Every structure is written in structure tokens, then in C-alpha cells.
There are 2 protein chains.
Amino acid sequence: MTEDMKRHEECYMKEHCLKYDVCPMTLVQKILSGKWKILILWYLSYKKLRFTEIKKKLPNVTQKMVTQQLRSLEEDKLIYRKVFPVVPPKVEYGLTELGKRIVPILEMMHKFGAEYLEDSFDTSTSEDPLE
Amino acid sequence: MTEDMKRHEECYMKEHCLKYDVCPMTLVQKILSGKWKILILWYLSYKKLRFTEIKKKLPNVTQKMVTQQLRSLEEDKLIYRKVFPVVPPKVEYGLTELGKRIVPILEMMHKFGAEYLEDSFDTSTSEDPLE
DNA sequence: CTGAATCCCTCGCGATACTG
DNA sequence: CAGTATCGCGAGGGATTCAG
């Protein structure tokens with residue numbers, strides 16, 4: 001692989017992304033990829049939560065996945081993890097300043113999703129591609 | 001599984017989502033899940049593109065994946081597919097009205113990603129945010 | 001040029017059990 | 001309560017070939 005190919009390996013968006021070494025869109029895609037990431041961030045956007053509280057909000061999800069997604073979000077500096085040295089253990093999760101900046105995106109996602117559901121496809125879904 | 005459990009299978013967000021049968025956030029998560037979805041939408045937000053043009057912008061991606069992701073986006077009504085009955089074949093992809101509504105989200109993602117990169121973790125953080 | 005069809009393999013995710 | 005440790009499956013994704 002040539003050096004030039006390497007430079008474009010992650011981002012070939014000449015029009016919009018050439019100024020960055022890593023494509024911002026690809027970065028966001030990676031950060032948010034994961035079945036429960038945006039849900040967790042969405043929950044935490046309202047208030048700090050304990051591990052069990054998060055898990056309770058995610059039915060049909062194993063403890064392992066919750067931990068895994070939380071760790072990933074923590075690595076990417078979107079959330080913090082605060083351990084209280086008490087018995088029984090208490091761990092609190094919340095958004096970092098960086099993580100808070102993603103909240104508006106989540107809100108727009110929610111709005112889009114809600115509209116998507118309401119806009120119903122009952123109108124025969126007749127999209128007109130032809131100008 | 002009880003009926004009640006089933007109702008909450010996809011969305012347990014009592015605080016924000018109980019009014020919908022399907023959680024809007026989960027919906028968006030599903031619609032946008034896929035390694036190249038948001039990149040493709042991002043490209044198309046600027047202009048309609050032919051199949052090959054899209055593929056060219058996604059290095060190290062197989063034809064199969066491009067087709068697959070495009071099909072998925074088309075099923076979700078975010079993009080349209082227009083076939084020109086010519087030889088050689090010509091197929092054009094573009095955003096639907098529904099798809100255009102997601103553009104602001106993409107723009108915010110890009111902004112977030114760019115800031116994330118620039119906000120540098122060089123301040124005491126020796127960790128690479130990517131990988 | 002666009003895309004379908006196979007084969008194949010990684011890895012995301014789930015289920016279960018164990019620990020401080 | 002809040003985790004680790006293992007095992008294993010299935011889907012997502014890659015490489016290649018064939019077709020209209």
C-alpha cells in the first residue's frame with residue numbers, strides 16, 4: 001500500500017475532509033457504533049446514573065454488554081466513571097464536557113426518529129425521485 | 001415472554017419514549033447502523049452520485065458492501081435509486097425528502113468530530129482517541 | 001457500469017458462571 | 001452492586017466470480 005493510499009484509507013472525502021488526517025465522520029461513526037451507545041448517552045443526557053439504573057433501562061441486554069459499551073464510551077472520553085468506596089459498591093456514570101456536546105445530536109436523532117414514525121408510510125410511500 | 005415484556009423489548013425509556021411503540025432512538029440507531037451508512041448519506045447530501053462515484057469515495061470497500069448499504073438506505077426511504085435505461089448502465093443515487101431531513105444531524109456529527117480531533121488530547125492525555 | 005451470487009471468516013453480541 | 005471470565009453462535013462484512 002502506497003503512502004497516498006494510507007492517507008486516504010480512513011477518509012477519501014476530498015471535498016470535505018481532506019484537511020483532517022482522520023475523517024471526522026468516520027470518527028463519529030466509530031465512536032457511536034455499538035448497539036447501545038446512543039441509548040446510554042441519551043439516558044445520561046438527563047441525569048447521572050448508576051450501573052444498575054442503566055441496565056434496568058436496557059431490557060434484554062446482558063451485564064457484559066452494558067459494561068462493555070460503558071467502557072468504550074469512557075475510553076472515548078464521552079462519559080466518566082466515578083467509583084464510591086462504599087459497601088455495597090456504588091458506581092456513577094455521567095457525561096463529560098465532551099459528551100455533553102453530543103447531546104444536541106442525540107436530540108435531533110430523537111426528533112428525526114419520532115417524525116419518521118409519525119410521518120407514516122401509509123401514504124403509499126410514493127416517493128418521487130424524478131425531480 | 002409476557003406481553004408487557006414484549007412491549008418494552010425495543011424501548012424501555014419510560015421517561016422519554018413511552019408514547020411511541022418503537023423507541024425513536026432505537027429506530028435511528030438501526031437505520032444508521034452499518035459501517036458506511038452515514039458516510040454515504042454525507043456524500044449524497046452534497047450532490048446526487050452514481051454508483052461508481054460513491055464507491056470511489058469509499059476506498060477499501062467492496063462493491064458488495066456499497067450495494068448492500070445503499071439497498072438498506074433505500075429500504076428505509078432515506079435515498080432513492082434512479083436507473084437510466086442506457087448502455088452502459090447508469091444508476092443515480094440521491095437523498096429523498098426524508099433523507100434530506102437527516103442532513104443537519106450529519107453536519108452536527110461532522111462538526112463534533114472535527115472539534116473532537118482539534119480539541120486534541122495532547123493536553124495530558126497520551127491516549128489515542130482512535131483505536 | 002452496476003450488481004447478484006458464493007464462500008469464508010472475523011468479531012459483535014448473547015448466555016452463563018464466578019468474584020470482591 | 002458492579003463487575004470479570006469463558007464459551008459459542010450468528011450476523012456483518014471481505015474476497016472473488018459471474019452476469020446483464
Side-chain angles (χ1 to χ4, degrees), chain A residues 1 5 8-10 12 26 29-41 43-44 47-76 79-94 129, chain B residues 1 5-6 8-12 26 29-41 43-44 48-76 79-94 130-131:
Chain A
M1 177 180 291
M5 281 176 67
H8 291 83
E9 184 178 4
E10 294 240 331
Y12 200 69
T26 302
Q29 134 72 24
K30 287 185 178 175
I31 289 177
L32 295 184
S33 74
K35 203 168 175 179
W36 313 101
K37 298 261 190 79
I38 66 171
L39 260 321
I40 292 175
L41 290 172
Y43 297 143
L44 293 179
K47 54 183 292 199
K48 316 176 284 189
L49 292 172
R50 296 183 58 175
F51 182 87
T52 305
E53 293 176 318
I54 296 174
K55 178 161 176 15
K56 263 197 306 186
K57 289 170 177 289
L58 298 170
N60 304 335
V61 181
T62 58
Q63 238 174 12
K64 174 194 165 187
M65 282 313 300
V66 178
T67 302
Q68 189 175 299
Q69 305 277 293
L70 286 170
R71 288 291 177 283
S72 177
L73 290 171
E74 192 187 358
E75 273 179 36
D76 292 330
I79 68 174
Y80 69 82
R81 177 171 179 269
K82 186 176 177 186
V83 181
F84 294 83
V86 296
V87 181
K90 174 180 176 181
V91 180
E92 168 191 299
Y93 291 93
Chain B
M1 178 182 290
M5 281 177 68
K6 266 175 89 172
H8 292 81
E9 183 178 5
E10 295 240 331
C11 176
Y12 200 70
T26 302
Q29 133 74 22
K30 287 184 179 176
I31 288 177
L32 295 184
S33 72
K35 204 169 172 180
W36 312 101
K37 298 264 187 79
I38 67 172
L39 261 320
I40 292 175
L41 290 173
Y43 296 144
L44 294 179
K48 315 175 285 192
L49 292 172
R50 296 183 58 177
F51 182 86
T52 305
E53 293 176 317
I54 296 173
K55 179 165 174 15
K56 264 198 308 187
K57 290 170 176 289
L58 299 169
N60 305 333
V61 181
T62 59
Q63 247 174 7
K64 175 193 164 186
M65 282 315 298
V66 178
T67 302
Q68 189 175 299
Q69 304 277 292
L70 286 170
R71 288 290 177 284
S72 177
L73 290 170
E74 193 187 358
E75 273 179 37
D76 292 332
I79 67 174
Y80 68 83
R81 178 171 179 266
K82 184 178 177 186
V83 180
F84 293 85
V86 295
V87 181
K90 175 180 176 182
V91 181
E92 170 190 298
Y93 291 93
L130 262 190
E131 279 189 329

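A note on names: the letters A, B, ... follow the listed sequences, proteins ahead of strands, and every chain is numbered from 1. Fair warning: this is a prediction, and the values are worked out from it, not measured in the lab.
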Visitor: Please report the distance, rounded to the nearest Å, between NZ in K30(B) and P in dG12(D).
Guide: 11 Å
Visitor: Show the nearest heavy-atom pair for residues L41(B) and I79(B), with the distance to one decimal.
Guide: CD2-CG2, 3.8 Å
Visitor: Under 4.0 Å between a side-chain N/O of R50(A) and OP1 or OP2 of dC1(D), yes or no?
Guide: no
Visitor: Would you tabulate the nitrogen or oxygen pairs shorter than 3.5 Å linking the protein to nucleotides 4-9 of chain D?
Guide:
from   : atom 1 : to     : atom 2 : distance (Å)
dT4(D) : OP1    : R71(A) : NH2    : 3.3

Visitor: Taking the side chain as every heavy atom from C-beta outward, state whether Y43(B) and L58(B) have any pair of such atoms under 4.5 Å apart.
Guide: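 They are in side-chain contact.
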Visitor: Rounded to whole Å, please give me the gap between NZ in K55(A) and C1' in dA2(D).
Guide: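 Rounding to the nearest Å, NZ of K55(A) and C1' of dA2(D) are 12 Å apart.
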Visitor: Just verifying a value: how many Å separate Y93(A) OH and E53(A) CD, rounded to the nearest 0.5 Å?
Guide: 12.0 Å
Visitor: In whole angstrom, what separates F51(B)'s CZ from dC1(C)'s P?
Guide: 11 Å
Visitor: Do R81(B) and F51(B) come within less than 4.5 Å of each other through their side chains, counting heavy atoms only?
Guide: no
Visitor: Dump the pairs, protein N or O against N or O of nucleotides 9-12 of chain C, anything under 3.5 Å, distances to one decimal.
Guide:
none

Visitor: Rounded to the nearest 0.5 Å, what separates atom CG in L39(B) from atom CG in L44(B)?
Guide: 10.5 Å
Visitor: Determine yes or no for a side-chain-to-main-chain donor-acceptor pair under 3.5 angstrom, with K56(A) supplying the side chain and T52(A) the backbone.
Guide: no
Visitor: Would you mind classifying the nucleic acid contact of P89(A) as base, sugar-phosphate or nothing, using non-hydrogen atoms under 4.0 angstrom?
Guide: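 Base contact - P89(A) has a heavy atom under 4.0 Å of at least one base atom.
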Visitor: Can you check the Q69(B) CD to dG14(D) P distance for me, whole Å?
Guide: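 Interatomic distance, CD of Q69(B) to P of dG14(D): 9 Å.
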Visitor: Counting only side-chain nitrogens and oxygens, does Y93(A) get under 4.0 Å of the OP1 or OP2 atom of dC1(D)?
Guide: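 For Y93(A), the contact criterion (side-chain N or O under 4.0 Å from OP1 or OP2 of dC1(D)) is not met.
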Visitor: Please confirm whether the backbone N or O of V61(B) pairs with a side-chain atom of K55(B), one donor and one acceptor, at under 3.5 Å?
Guide: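 Flag set: sc K55(B) to bb V61(B) pair under 3.5 Å.
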Visitor: Rounding to a whole Å, what distance do you find between Q29(B):CD and dC13(C):P?
Guide: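 Whole-Å distance recorded here is 8 Å.
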Visitor: The side chain of V91(A) is closest to which nucleotide in this list: dG14(D), dG3(D), dC1(C)?
Guide: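 Looking only at side-chain atoms, V91(A) lies closest to dG3(D).
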Visitor: Distance-only, no hydrogens or angles: does the K37(B) side chain make a donor-acceptor pair with backbone N or O of S33(B) under 3.5 Å?
Guide: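 Yes, the answer is positive, given that a donor and an acceptor are paired below the 3.5 Å cut-off.
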Visitor: Starting at CG of L70(A) and ending at P of dA2(D), how long is that distance when rounded to a whole Å?
Guide: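 Value for this atom pair: 11 Å.
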Visitor: Tell me, please, which residues at least two apart from V86(B) pass side-chain contact (heavy atoms from CB on, under 4.5 Å).
Guide: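 Once residues adjacent in sequence are excluded, the partners of V86(B) under the side-chain contact (heavy atoms from CB on, under 4.5 Å) criterion are F84(B), K90(B).
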Visitor: Find the distance F84(A):CZ to dG3(D):P and express it as a whole number of Å.
Guide: 12 Å
